[in-house]
Participant: 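Quick one: the structure is below, and I'll ask about it shortly.
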Amino acid sequence: VQLQASGGGSVQVGGSLRLSCAASGVTFGSYSMAWFRQVPGKGREWVSGISWHGGPYYTDSVKGRFTISRDNAKITVYLQMNSLKPEDTAVYYCAIRRQPMVVTHSTEYDYWGQGTLVTVSS
């Protein structure tokens, strides 16, 4: 299984970005997907996840600003990020888990994308 993340970049405070993560080689029937982020010197933080049935989940700091969605036909997950803040600056990673429900622990995910950098400047 391979995950290819894209869509990162540099924006100013209040701007928007849309991250995409396309999976290939997926042979298991049901899965959940998630986005994590990491800044230097800190652990990987769960940001958002979406269950097999499409239920979205968010960490408190991004609720109302980020929207996660998925396209099962394309095995792709998206993260629409609006009203970006400097504290959103991080490398964003997508991940896939061979279980239908979302969890927040990074160790529960089976495959990871390569990361895409998001920089929000004031």
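If you read the sequence from its start, that first residue is 1, and numbering goes on from there.
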Participant: Please check: side-chain N/O of Ser32 versus main-chain N/O of Gln99, any donor-acceptor pairing under 3.5 Å?
Facilitator: yes
Participant: Flag the pair Pro56 / Tyr58 as yes when at least one side-chain heavy-atom distance between them is below 4.5 Å, and no otherwise.
Facilitator: yes
Participant: Look only at the side chain of Tyr109 and the backbone of Val103, and say whether a donor-acceptor pair between them is shorter than 3.5 Å.
Facilitator: yes
Participant: Rounded to the nearest 0.5 Å, how far apart are CD of Gln4 and CD of Gln2?
Facilitator: 8.0 Å
Participant: For residues 11-24, dump all side-chain donor-acceptor pairs below 3.5 Å to protein atoms at least two apart in sequence or in another chain.
Facilitator:
unit_1, atom_1, unit_2, atom_2, d
Ser16, OG, Asn82, OD1, 2.9

Participant: Identify the heavy atoms of Arg65 and Leu84 that sit nearest to each other, and give their distance.
Facilitator: NH1-CA, 3.8 Å
Participant: Are the charged groups of Asp110 and Arg98 less than 4.0 angstrom apart, N to O?
Facilitator: yes
Participant: Can you see which heavy atom on Ile96 is nearest to which on Met33, and at what distance?
Facilitator: CG1-CG, 3.9 Å
Participant: Mind checking whether Val77 and Leu79 have side chains closer than 4.5 Å, heavy atoms only?
Facilitator: no
Participant: Return the OH to CZ distance between Tyr31 and Arg97, rounded to the nearest 0.5 Å.
Facilitator: 14.5 Å
Participant: Give a yes or no on whether Tyr93 and Tyr78 share a hydrophobic cluster (residues Ile, Leu, Val, Met, Phe, Trp, Tyr; joining criterion: side-chain heavy atoms under 4.5 Å apart).
Facilitator: no
Participant: Please table the atom pairs, donor to acceptor, closer than 3.5 Å between any side-chain atom in residues 35-51 and protein atoms at least two apart or in another chain.
Facilitator:
unit_1, atom_1, unit_2, atom_2, d
Arg37, NE, Glu45, OE1, 2.8
Arg37, NH1, Asp88, OD1, 3.0
Arg37, NH1, Tyr92, OH, 2.9
Arg37, NH2, Ser61, OG, 3.4
Gln38, OE1, Arg44, NE, 3.3
Gln38, OE1, Arg44, NH2, 3.4
Gln38, NE2, Lys42, O, 2.9
Trp46, NE1, Ser48, O, 3.4
Ser48, OG, Tyr57, O, 2.8
Ser51, OG, His53, N, 3.4
Ser51, OG, Gly54, N, 3.3
Ser51, OG, Gly55, N, 3.0

Participant: Are the side chains of Phe28 and Val1 in touch, meaning some heavy atoms are under 4.5 Å apart?
Facilitator: yes
Participant: What residue pairs, at least two apart or across chains, pass side-chain hydrogen bond (donor to acceptor under 3.5 Å, both in side chains) with a residue in residues 111-122?
Facilitator: none
Participant: Keeping Thr76 on the side-chain end and Lys74 on the backbone end, is there a donor-acceptor pair under 3.5 Å?
Facilitator: yes
